[in-house]
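Report on the following structure.
Start at 1 and go down the list; that is how both ligands and their atoms are numbered. Residue numbers run from 1 in the order of the sequence given.
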Amino acid sequence: MQLQSSPLSLYLHIPFCRSRCSYCAFNTYTDLAHLMPDYVKALCNEIKALAASGYKYEVHTVFVGGGTPSLLTPRQFEQIMENLRDAFALSPTCEISLEANPEDLAVAYLRSLRGLGFNRLSIGMQSANPEILRLFDRRHDVSAVANALDAARKAKFENVNLDVIFASPGESLADWAATVHTVLSFEPDHISMYGLELKGGTKLRLQVDAGALPPPDDDAFADMYEFASEALAGAGFQQYEISNWRRQGKECRHNLQYWRNLPYLGLGAGAHGFAGGCRYSTITAPQRYVDCLSGQPPRENHFPLTPAVAKVRLVETADDLYDTIMMGMRLTDEGINRSSFAHRFGQDFVAMFPDAVAKLAALGMLEVLADRVRLSPAGRLLSNSVIREFVSRLTE
Ligand code: SF4
């Protein structure tokens, strides 16, 4: 039986890294390289378990993230892609992205991946400043990013993203401006630009809490964000999400699926999924993930759940509203689409939140158009407060 009618997105998690970056709180491990071959087999078994639904669901984006997926070999990716193509109907224009660290991207490696169908790269550049890269415990310098871009173009990747982080401890506006100019000089197709978050348990958070590094500065954050927004717009990039800019037609379709609150499957250790009316997450520890997917893949149909799923929750309407607003408000151009919202929740967005919409529009934080409601440029800097206005009404 078909449980999902709209095209799906797939996220595959590869939880291995050579070393841990100082800001990173992702589910990744630096001492489990020996587990990689078994992990790939387990991932293929998890894909087979989804195929047991007996229905070949249409998939229009695949994102392999981590961790450091570029630690896998072309042969390992070949096995994964073969299983994906057996289990799902990958659309002819399927966006297939790989998250990668610059130091792994040689031309021959990238040509192999291109041959397997990968057509988008997301490269972790993070900064052009050598001191900041050292502070982040990154393993590369800026020349590795230049080489990676060059290799990507030679391997015929026409959609390349650079990830950068701003507002790190001690970073000046001039430091950040130099990074922005270097990013633009590399001529990527897409730029993801995130303010540093000091996540619990990270080395940077411990250093800031201990007073060894200065704490985040909100004014510097706002100045850097505004500087980069203007520089990227001046270079012809279109902003389409609070932290993301694209060249025409080069938006990340996979991430749009999340921001539009549309269904996706999460595979691999510590992945999250949203499909069939539930949100779920898988076992986080890679060894346990491997153990539970060894042996014969199950033949029963529990789509979208697999033996690796550890937690499941049915999505109630209130949760769905919350998620739709939280993520839709991040979309700086399309915002919350009023007709899709009305179709999903049976009421127009403006009619559902008349007071909050009127208040935020009067404050210049929100733009109310015939077909959408979105943050104004001023609202983007205060997006969390704007979103809270709506979310607080859900809990009244
Ligand atoms: S490479 Fe990425 S996933 Fe790995 S430790 Fe660094 S930031 Fe985290």
_Please confirm whether the ring centroid of H60 lies under 6.0 Å from the ring centroid of F88._
no
*Compute the ring centroids of F390 and F353, then answer whether they are less than 6.0 Å apart.*
yes
_List ligand 1 atoms under 4.0 Å from T68, heavy atoms only on the residue side._
1 (S), 4 (Fe)
_Enumerated ligand 1 atoms positioned under 4.0 Å from heavy atoms of S19_ = 5 (S)
In terms of residue, atom name and distance, what is the protein heavy atom nearest to [atom]?
| atom | result |
| --- | --- |
| atom 8 (Fe) of ligand 1 | C24 SG, 2.3 Å |
| atom 1 (S) of ligand 1 | N101 ND2, 3.3 Å |
| atom 7 (S) of ligand 1 | Y23 OH, 3.5 Å |
| atom 4 (Fe) of ligand 1 | C17 SG, 2.3 Å |

*Answer yes when R372 and D333 have at least one side-chain N-carboxylate O distance shorter than 4.0 Å, and no when they do not.*
yes
*Is there a side-chain contact between N101 and H140, using heavy atoms and a 4.5 Å cut-off?*
no
*P169 side chain near L196 side chain, heavy-atom distance below 4.5 Å*: yes
*Any donor and acceptor pair, going by atom type alone, linking the side chain of Q239 with main-chain N or O of E241 inside 3.5 Å?*
yes
*asked:* If we only consider heavy atoms of R138, is any one of them less than 4.0 Å away from an atom in ligand 1?
replied: yes
*Near K56 NZ, under 6.0 Å, is it more than 12 heavy atoms from other residues, nucleotides or ligands?*
yes
*Out of A25, C21, P69, whose heavy atom is nearest to atom 5 (S) of ligand 1?*
C21
*Nearest heavy atom to atom 2 (Fe) of ligand 1 wins, so pick from G124, G66, G67.*
G67
*Between T30 and ligand 1, which residue portion shows a heavy-atom distance shorter than 4.0 Å: side chain, backbone, both, or neither?*
neither
